[in-house]
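Within every chain, numbering begins at 1; the chains are lettered A, B, ... in the order of the sequence lines, protein sequences first and strands thereafter.
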2 protein chains.
Amino acid sequence: MVGSKRDRRSGVTLEMVALRAGVSRATASRVVNCSPRVSAQIRLDVERAIADLGYVPNRAARTLVTGRTGSIAVVITEPSGRLFSDPFFPRLLRGASGVFSARDLQLVLLMPSSREEAERTGGYLTAGHVDGVLTASLHGNDPLPARLFKADVPLVLVGRPPRGISVSYVDVDNRQGARSAVEHLVACGRRVICTIAGPADMAVGIDRLAGYREAIAEAGLPVDRRLEAYGEFTQEGGAAAMARLLAARADIDGVFAASDLMAAGALSVLAEAGRRVPADVSVVGFDDSLVATSTSPQLTSVNQPIEEMGQEAARLLVEAVDDRSRAIRSVTLATSVVERASSARRSSP
Amino acid sequence: MVGSKRDRRSGVTLEMVALRAGVSRATASRVVNCSPRVSAQIRLDVERAIADLGYVPNRAARTLVTGRTGSIAVVITEPSGRLFSDPFFPRLLRGASGVFSARDLQLVLLMPSSREEAERTGGYLTAGHVDGVLTASLHGNDPLPARLFKADVPLVLVGRPPRGISVSYVDVDNRQGARSAVEHLVACGRRVICTIAGPADMAVGIDRLAGYREAIAEAGLPVDRRLEAYGEFTQEGGAAAMARLLAARADIDGVFAASDLMAAGALSVLAEAGRRVPADVSVVGFDDSLVATSTSPQLTSVNQPIEEMGQEAARLLVEAVDDRSRAIRSVTLATSVVERASSARRSSP
DNA sequence: TTGAAAGCGATACCAA
DNA sequence: TTGGTATCGCTTTCAA
């Protein structure tokens, strides 16, 4: 690596502080680290020297000996758009950052937006820049978990890990959530219920689809693959999927979308197609995010406690960083259906 | 700092690589750093050892000697909401990240959401975790620039720095942009033109307001402080300001808002008040973001090349990191008015 | 081309 | 309570 000659940082070292305060480096270090084994007078002397010189501990040196960096990375591997358009992430971050803050850990956000960048990010994380990694929205083929595991970097996922990967995680019961949504549609008297599923390589996508199928089967409704369409977790993805579904089965009277954003896309397509919601078609989303209350009609949606997921994940990660036991822990939170205007009992036929 | 006993990282060191390859640490280091002064055979041996052992260089150790970390921080100090709701930031990041990527620098995003967190973040940055800092949306009283300057950490701002701070920056000509907007309204035959200004402690806010005043004066229109209202750069801020303005002067026929989001808020208030846009009132926003084309009617807006700002800022920062000359550089980009449906020539009176 | 060895700045052990 | 010093993992002269 490059590194032009001697371009040392501003350069106040502990050595200089010690010299100025007339003590040894060891003692100065004790003051910096708030050790109780320092006399009051000396503590004052050193503190003044620190202030006079504007001393700031060099993290690299400290990290080298302690093995700790005092920072945690949150990694969001998404094609850039989603991080900012999906309200999921800010809520997750809000939940997590509170926990890290309380532990005086600096949260740094990494958002590789291409395979190449993801590669570099992996290097950054395994090189010891952070004490632990929190990641959300993982795709099935992402090599990151294995790489971090090998490098012994603590990792916690938000969302169930893909098959074959064992790692700590926090998730909501997506399967049960999806079932509740479909059961709600059935209770509304819907008989031709389709689903707009998330990407087939993401656990959330898979689980919500599984829940949908279970509920359909249990309700004794015929299973029909033409009632299932996949899409990205975006408004556009939802719209495109809805259009395909309508083309395949014109008699659809219920829609379960795997996210509110997708449901919003579906609503716009239904409106264009002249279907009234909820009179002709009832729609249920997932997330119960702000989006749910800004569509027209407002969305019935499966609520998931996102801030809480962030908190729990952060807590799990902090534990893992502290004890380094490599134990796998997981937390699953419950969901609930929040009813709004987009779903209603079918008017008597 | 804590640091439980010997909890060393996974622990493949260069020493171990050297041993396995049967060479000295120095030679192994040369291979890792792609030095040309290594024989082909030895290079192969060492590379195999690296692969076998899964060696990853320890960043802390390397940083300690080179003074470089290979990463750059982008700091957004906002009460959390704005980062995700304002399309400005994703665009800025997209522009900047391309440049950093090309230089193999890892971009880390820091978003302190309270004074306390901002304090910690300052510590993180001055402790040598990153080679340089890019920051946007700086408020006048933010102590960060001074702190970084003292610690000799390269810094580039997006947006003109507050008075009294000298630092490199990239900005658009906000003053001229605002003038063009107002001139456009005047050309539309508007005579009672108000402005929804940004926060008075932010340079963008100040500059756009100044441009507004200049244009009003030049057009020979009476200056009236009741035609100026301040607000946050949010939809709510814009709505509240518009409501106050209408209450103070019912005869308003032109609105210049300092951001599209604010203009969107203004549009909703105007609609509620029964004012037709653009027939009764013409509205011009600032940013020419996606928001501008999703309002109804679509917004006439001042375009600013945000991706380009991000690129230029990143370029400036990379330069500063490389030569460490502490020279202050700045780049100012031009704006242009993009006409849409929210502004139109007044129908003959 | 290769190796030996001197740091980089801080922590933590062992004596005093 | 204090100081001396080995050590962390790597880069980089300086000799060989």
Side-chain angles (χ1 to χ4, degrees), chain A residues 1-46 49-50 53 55-70 126-129 151, chain B residues 1-46 50 53-70 126-129 151:
Chain A
M1 302 290 110
V2 196
S4 38
K5 286 283 106 71
R6 293 283 82 139
D7 55 6
R8 269 297 94 50
R9 215 139 271 305
S10 58
V12 180
T13 72
L14 192 58
E15 182 87 52
M16 298 164 67
V17 170
L19 194 70
R20 173 150 187 146
V23 301
S24 76
R25 207 165 68 227
T27 301
S29 175
R30 288 189 192 101
V31 173
V32 171
N33 293 290
C34 303
S35 156
R37 310 145 77 64
V38 180
S39 72
Q41 182 53 54
I42 288 200
R43 158 158 290 121
L44 286 176
D45 292 347
V46 174
I50 288 176
L53 268 39
Y55 168 76
V56 179
N58 178 318
R59 245 10 250 235
R62 180 178 281 178
T63 295
L64 191 54
V65 37
T66 62
R68 294 302 205 81
T69 68
T126 51
H129 276 280
Chain B
M1 301 292 109
V2 195
S4 38
K5 284 284 107 71
R6 291 287 83 141
D7 56 5
R8 267 302 91 50
R9 215 140 273 304
S10 59
V12 179
T13 73
L14 191 59
E15 181 87 52
M16 298 164 69
V17 170
L19 194 68
R20 173 154 188 140
V23 300
S24 75
R25 208 165 67 225
T27 301
S29 174
R30 289 190 189 99
V31 173
V32 171
N33 293 291
C34 303
S35 157
R37 311 145 77 65
V38 180
S39 71
Q41 182 53 56
I42 287 200
R43 157 158 292 119
L44 287 175
D45 293 348
V46 174
I50 287 176
L53 269 38
Y55 169 75
V56 179
N58 177 319
R59 264 316 190 155
R62 180 178 279 179
T63 295
L64 190 54
V65 36
T66 63
R68 294 304 204 79
T69 67
T126 51
H129 277 279

Contact list (N/O, under 3.5 angstrom) for nucleotides 3-6 of chain D vs protein:
residue, atom, partner, partner atom, Å
D/dG3, OP2, A/Ser24, N, 3.1
D/dG3, OP2, A/Ser24, OG, 3.2
D/dG3, OP2, A/Thr27, OG1, 2.5
D/dG3, N7, A/Arg30, NH2, 3.4
D/dG3, O6, A/Arg30, NH2, 2.7
D/dA6, N6, A/Arg25, NH2, 3.3

Open item on the list: Need the bend value for the helix from C/dT1-D/dA16 to C/dA16-D/dT1: angle between end axes, 5 pairs each end, nearest 10°.
Closed with: 40°
Locate the shortest heavy-atom distance separating [X] from [Y]; write the atom from each residue and the value.
{"X": "A/Ile42", "Y": "A/Thr27", "answer": "CG2-CG2, 3.7 Å"}
{"X": "A/Leu14", "Y": "A/Tyr55", "answer": "N-CE1, 3.5 Å"}
{"X": "A/Arg20", "Y": "A/Ala49", "answer": "CG-CB, 3.9 Å"}
{"X": "B/Val38", "Y": "B/Arg43", "answer": "O-NH1, 3.8 Å"}

Nearest-Å distance, [atom1] ([X]) to [atom2] ([N])?
{"X": "B/Leu14", "N": "D/dT7", "atom1": "CG", "atom2": "P", "result": "18 Å"}
{"X": "A/Asn58", "N": "D/dG9", "atom1": "CG", "atom2": "C1'", "result": "14 Å"}
{"X": "A/Leu64", "N": "C/dA12", "atom1": "CG", "atom2": "P", "result": "12 Å"}
{"X": "A/Arg68", "N": "D/dC8", "atom1": "CZ", "atom2": "P", "result": "18 Å"}
{"X": "A/Arg37", "N": "C/dA16", "atom1": "CZ", "atom2": "C1'", "result": "13 Å"}
{"X": "A/Tyr55", "N": "C/dG9", "atom1": "OH", "atom2": "P", "result": "10 Å"}
{"X": "A/Met16", "N": "C/dA10", "atom1": "CE", "atom2": "C1'", "result": "15 Å"}

TODO: Without swapping roles, check the side chain of A/Arg25 against the backbone of A/Ala18 for a donor-acceptor pair under 3.5 Å.
DONE: no
Open item on the list: Determine whether a donor-acceptor pair (N or O, by modelled atom type, separation under 3.5 Å) exists between the side chain of B/Asn58 and the backbone of B/Ala60.
Closed with: yes
- [ ] Start with the C-alpha distance between B/Val46 and B/Val23, add both sets of side-chain angles, then the distance that settles side chain to side chain contact (heavy atoms under 4.5 Å, CB included), and finish with yes or no.
- [x] CA-CA 8 Å; B/Val46 174; B/Val23 300; 3.9 Å; yes
Distance check: side-chain N/O of [X] vs OP1/OP2 of [N], anything under 4.0 Å?
{"X": "A/Arg62", "N": "C/dT11", "result": "yes"}
{"X": "A/Asn33", "N": "C/dT11", "result": "yes"}
{"X": "B/Ser39", "N": "C/dT2", "result": "yes"}

Task: Of B/Val38 and B/Ala61, the one whose closest DNA chain C nucleotide lies more 5' - done: B/Val38
Task: Gap between atom OG of A/Ser29 and atom CD of A/Glu15 - 0.5 Å precision - done: 12.0 Å
- [ ] Mind running side chain to side chain contact (heavy atoms under 4.5 Å, CB included) on B/Arg62 and B/Asn33 for me, showing each step along the way?
- [x] CA-CA 11 Å; B/Arg62 180 178 279 179; B/Asn33 293 291; 3.6 Å; yes
TODO: Please work out if B/Ser29 contacts a base, only the sugar-phosphate, or nothing of the nucleic acid, heavy-atom cut-off 4.0 Å.
DONE: base
